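The structure appears below as structure tokens.
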Amino acid sequence: MSLFARLQALLSAHPSAPATGAGQASAAPSTAAEASQVDAETPPAPPPVCTRYLSAGQVVVREGDPGHSMFVVLEGRVAVLHGGAPGANTEVGRLGAGEFFGELALLTGTKRTATVVTVEDVVLLELTLAGVRELGRDYGVKGDQMQVAARERLLADALRSNPLIAALPPDVQHDLGGAFVPCTVPAGETLLTRGQPGDALYVLLRGQCEVFHTHGDGRQSPYPPLEEGALFGEISLLRSRLATATVRAVTPCTLLKLERDVFKKVFLAQPDLRGALVRLGLERLKHTMEVMGEPK
């Protein structure tokens, strides 16, 4: 039975799972003062499995927020939005009964990569990590199967947004999907530092990064910013060179990361991937030389 069929079996098994009882598993406070402090400081933990009834127009999850649960659509439809500024989101798809979302943030520890809004009255099944474990115990849906599904969605995002990856043979794409690790970084974090060795190849899925070259006298020359779908870090991996520019997150970013050791072991000998990365690296080296030669 497929993963989706097992999930649908779960849906019929939990037609009206209660949405109450949050935090019942935690130990009771021993004093009234402790109880008051817990109520004030600790948000209630959601139950492992519960049913949510939402009307049209409600936000289920918001892009950039931490994700502590996933959802299965029992009835109705939801819209998946990508964007950033309020009112600037773009709808990229809709999900209906039997489909699920939010598993990426839950299973990988990354932040939500999209906003999901109800487009009509919906019934959703919400599962925490404990709920996913219940799937495995009671219905045979394994966490690693869910994680594979999450990574397939990540790779699909990368394929849509990066023509270099989209042009690779299917078997190389499949291997990349299993090797990339999702990660999130806050605004202001430096991913590559000019003059330092690079540790990984990155694909930027959500957010924006600035790129700049720092001259010997401290001046900085900017490159065009990296937008969603950009791939970077290839020069250090391919040519054993120090990073030729600094890359810093301008906004909170979600990325796919391919570690240096995994790249060398699995992908260095892949002619299609290596050739595409060499061409990209040469273009960037040429740009770097132009920037370094700018007059003061």
Side-chain angles (χ1 to χ4, degrees), residues 3 6-7 10-11 13-14 16-29 37-55 58-74 76 78-84 89 93 95 98-118 122-139 141-154 157 181-187 189 205-207 251-257:
L3 174 60
R6 292 178 189 274
L7 280 171
L10 170 68
L11 312 185
H14 289 274
S16 57
T20 58
Q24 291 177 351
S26 57
Q37 183 176 6
V38 168
D39 290 341
E41 298 180 0
T42 306
V49 181
C50 66
T51 304
R52 305 292 188 196
Y53 300 89
L54 301 177
S55 57
Q58 289 190 260
V59 175
V60 185
V61 299
R62 196 176 300 277
E63 184 173 351
D65 285 350
H68 305 300
S69 60
M70 62 168 289
F71 300 84
V72 182
V73 183
L74 300 182
V78 299
V80 182
L81 312 175
H82 288 163
N89 288 325
L95 303 174
E99 297 182 281
F100 58 93
F101 61 92
E103 78 289 349
L104 171 62
L106 175 65
L107 296 174
T108 64
T110 57
K111 294 183 179 180
R112 301 289 189 193
T113 59
T115 295
V116 177
V117 179
T118 60
V122 301
V123 182
L124 301 173
L125 195 69
E126 181 176 8
L127 303 104
T128 65
L129 277 175
V132 173
R133 286 193 290 270
E134 287 186 11
L135 292 185
R137 184 182 67 243
D138 299 334
Y139 304 100
V141 179
K142 302 300 183 183
D144 56 353
Q145 292 175 302
M146 300 289 290
Q147 204 146 18
V148 167
R151 292 193 177 218
E152 286 176 350
R153 289 191 181 183
L154 276 175
D157 273 355
V181 176
C183 65
T184 58
V185 299
E189 181 158 327
L205 291 181
R206 302 286 182 271
T251 66
C253 292
T254 301
L255 308 104
L256 295 178
K257 182 177 182 180

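This structure is a prediction, so every number in the text was calculated from the model and none was measured.
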Phe71 vs Val78 side-chain heavy atoms within contact, under 4.5 Å: no
Step-by-step side chain to side chain contact (heavy atoms under 4.5 Å, CB included) determination, Leu125 to Phe100: CA-CA 9 Å; Leu125 195 69; Phe100 58 93; over 6 Å; no
Side-chain donor or acceptor of Thr115 paired with backbone N/O of Glu63 under 3.5 Å: yes
side-chain contact (heavy atoms from CB on, under 4.5 Å) against Val185, all qualifying residues, sequence neighbours excluded: Glu189, Leu191, Ala249, Cys253, Leu255
Test side-chain contact (heavy atoms from CB on, under 4.5 Å) applied to Thr184 - qualifying residues, sequence neighbours left out: Thr110, Lys111, Thr254
Nearest heavy-atom neighbours spanning Val80 and Ala114: CG1-CB, 3.7 Å
Interatomic distance, Leu74 atom CG to Glu99 atom CD [nearest 0.5 angstrom]: 12.5 Å
Main-chain N/O of Gly207 paired to Thr251 side chain as donor or acceptor, under 3.5 Å: no
Nearest non-hydrogen partners of Glu126 and Arg52, listed with the distance: OE1-NE, 2.6 Å
Heavy-atom pair with the smallest gap, counting every atom of His68 and Arg112: N-NH2, 3.8 Å
Distance in Å, Leu124 CG paired with Gln58 CD, rounded so as to fall on 0.5 Å steps: 10.0 Å
Nearest heavy atoms of Lys257 and Cys183, plus distance in Å: CB-SG, 4.2 Å
Separation between OG of Ser69 and CG of Leu129, rounded to the nearest 0.5 Å: 9.5 Å
